[in-house]
Amino acid sequence: MEISEEPPTSAVFIDNCHFSQVIFINIEKFYVPGGDITCYYTLTENIIPRGKDWVGIFRVGWKTTREYYTFMWAPLPSDSHRDTTVQQQVQFKACYLPQDDEYYQFCYVDQDGMVRGASVPFQFRVETEDDILVVTPQGQLEEVELQNQNLQKENEKLKANCASLRTQNSHLQEELKKAQELQNTLESLRSSTEKLELELNFLRKKNTHLRRLDDGRVAELHQLKEQIQSVTSDKERLETRLKTALDHLDQLQQQNENLREELKEQKHLFQILQEKMKEADEENQQLRENNGKLLRHLSQAREASSSSVASQAPVQASEVGGLLFGNPYCGFYKEMLHGQ
């Protein structure tokens, strides 16, 4: 199988991986450099293989799946509806293998970049005589003790590495958390920026529309100002005319008041004249009565003394207006009526 693309990886640390879902078997302590190697492993019923799963070779001490040295795509089992374990294998070409004598291990990584199984460490070097344990009846105890010491040293080294890795894992977890928070903040800012850009475009369009309306309203305002000036001029003219009319009205009211006073005086004078006329009528009536008495008395006297009356000139009744001595107020009435 050729390596055609990068495998899916993640920044998830070792503590969050599940190493028991894939079990590596028949792992050698040493692989001879320059030759192909075959990796054998077992898929348990707890894992569902997918098309982008892969098997990588990692240097011991790795922290995330991004630190693989080389990899091969994991083949899919022939039975996709299995409920038991399945034996699988992949082959690594010699040209892709490490050339140093560091410790490495196989890891099964799914297409989400999560580790599902890891092998025991191994090296790429030739096995020497020091690596071969020859057990003899005489030296069996010494060999076992030496092996135990070596294993204890290796165990202590692995424990120290594990503690260091856990510390680094904790720091990296915090950094990852901060990075995720920053990423979430960045996404939120991007979303806010997009919303603000949309709102800005909307406000720009609205501003353009308002400018057009403002231009039209400026023209309307100019027209209104001209109308206001015209109305103001009309108002001033009307106020001038109103003031003139009010002044004329005041004059008319003054003249009316004067006429009322004059009328009042005329009425008073008329009442006086009516009273005098009434008195004159009463006096005239009295004079008429007196004149009648005098006429009757004269008539009786004329009949009694015809001789005496014949020698006197007759008195013309028409000259005295029916009165013996005339109307003393006749001239006064004519003078008053001529004055009115």
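The chain is numbered in sequence order, starting from 1. No hydrogens, no waters, no symmetry mates; every other heavy atom, side chains included, goes into these values.
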### Pair F122 + Y104: ring centers closer than 6.0 Å
no
### Query
Roughly how far, to the nearest 0.5 Å, is the OG1 atom of T244 from the CG atom of L249?
12.0 Å
### Task
Quick one: closest heavy-atom pair of Q111 and G51, and the distance?
OE1-N, 4.0 Å
### Message
Is there a continuous path of hydrophobic side-chain contacts, each under 4.5 Å between heavy atoms, that joins Y40 to V55?
### Response
no
### Message
Under a 3.5 Å distance rule, please check whether Q88 uses its side chain to pair with a backbone N or O of P75 as donor and acceptor.
### Response
yes
### Message
Would the distance check show the side chain of N46 and the main-chain N or O of Q21 forming a donor-acceptor pair, the cut-off being under 3.5 Å?
### Response
no
### Task
Measure across Q91 and M72 and return the closest heavy-atom pair with its distance rounded to 0.1 Å.
O-CE, 3.6 Å
### Sub-4.5 Å side-chain heavy-atom contact between Q87 and I25
yes
### Query
Does L97 reach the side chain of P33, with side-chain heavy atoms less than 4.5 Å apart?
no
### Task
Taking S305 for its side chain and A301 for its backbone only, find out whether a donor-acceptor pair lies under 3.5 Å.
no
### Query
When rounded to the nearest 0.5 angstrom, what distance separates CZ in R217 from CD in Q223?
15.0 Å
### Query
Do the side chain of S188 and the main chain of N184 share a donor and acceptor less than 3.5 angstrom apart?
no
### Task
Using the salt bridge (charged side-chain N to carboxylate O under 4.0 Å, His left out) rule, take R190 and E187 through it: C-alpha gap first, then chi angles, then the decisive distance, then the call.
CA-CA 5 Å; R190 286 178 180 174; E187 292 296 331; 3.4 Å; yes
### Message
Looking at every non-hydrogen atom in both residues, tell me the closest pair between P121 and Y103 and how far apart they are.
### Response
CB-CD2, 3.9 Å
#### Entry: Pairing of E275 and K278 as salt bridge, 4.0 angstrom limit
no
### Task
Just do the side chain to side chain contact (heavy atoms under 4.5 Å, CB included) check on L263 and K267 with the steps written out, would you?
CA-CA 6 Å; L263 178 62; K267 285 182 177 180; 3.9 Å; yes
### Query
Are any of the side-chain heavy atoms of Q89 and C39 separated by less than 4.5 Å?
no
### Task
Say whether F24 and V120 are linked into one hydrophobic cluster, either directly or through other cluster members, by side-chain heavy-atom distances under 4.5 angstrom.
yes
### Query
Do NZ/NE/NH1/NH2 and the carboxylate oxygens of K52 and D110 come within less than 4.0 Å?
no
### Heavy-atom side-chain contact between H248 and L252 under 4.5 Å
yes
### Query
Between N207 and L203, is there a donor-acceptor pair closer than 3.5 Å when you use the side chain of the first and the backbone of the second?
no
#### Entry: Atom CZ of R50: over 12 foreign heavy atoms under 6.0 Å
yes
### Task
List the steps, then state whether side chain to side chain contact (heavy atoms under 4.5 Å, CB included) holds for R116 with M114.
CA-CA 6 Å; R116 300 302 180 182; M114 301 294 294; 3.8 Å; yes
### Task
Measure the CG-CG distance between D250 and N256 for me, rounded to the nearest 0.5 Å.
12.5 Å
### Summary
Between the NE2 atom in H297 and the CG atom in N290, the distance rounded to the nearest 0.5 Å is 13.0 Å
### Task
May I ask you to test the L43-P49 pair for a side-chain heavy-atom distance under 4.5 Å?
yes
### Query
What heavy-atom pair brings A74 and V90 nearest, and what distance separates the two atoms?
CA-CG1, 4.4 Å
### Query
Any side-chain heavy atom of I23 sitting closer than 4.5 Å to one from T44?
yes
### Task
State, with a plain yes or no, whether a side-chain heavy atom of T85 is found less than 4.5 Å away from one of E45.
yes
### Summary
Rounded to the nearest 0.5 angstrom, the OH-CZ distance for Y31 and R125 is 14.0 Å
### Query
Any side-chain heavy atom of Q285 sitting closer than 4.5 Å to one from D281?
no
### Message
As an exercise, state the distance from CG of L210 to CG of D215, rounded to the nearest 0.5 Å.
### Response
11.0 Å
### Task
Classify the ring geometry between F58 and W62 as parallel (under 30°), tilted (30 to 60°) or perpendicular (over 60°).
tilted
### Message
Applying side chain to side chain contact (heavy atoms under 4.5 Å, CB included) to N291 and L295, what does each step give before you reach the verdict?
### Response
CA-CA 6 Å; N291 193 18; L295 288 175; 3.9 Å; yes
### Message
Quick check on side chain to side chain donor-acceptor pair (under 3.5 Å): which of E220, K225, E226 does H222 satisfy it with?
### Response
E226
### Task
Any chance you could lay out the side chain to side chain contact (heavy atoms under 4.5 Å, CB included) test for T9 and T64, step after step, and finish with the verdict?
CA-CA 8 Å; T9 60; T64 68; over 6 Å; no
### Task
Locate the shortest heavy-atom distance separating F124 from P98; write the atom from each residue and the value.
CE1-CD, 3.6 Å
### Message
Using ring centroids (six-membered ring only for Trp), state whether F92 and F106 fall under 6.0 Å.
### Response
yes
### Query
For the ring pair W54 and Y68, is the centre-to-centre distance below 6.0 Å?
yes
### Message
Are Y41 and Y108 an aromatic pair, judged by ring center distance below 6.0 Å?
### Response
yes
### Task
Quick one: closest heavy-atom pair of C107 and V115, and the distance?
CB-CG1, 4.4 Å
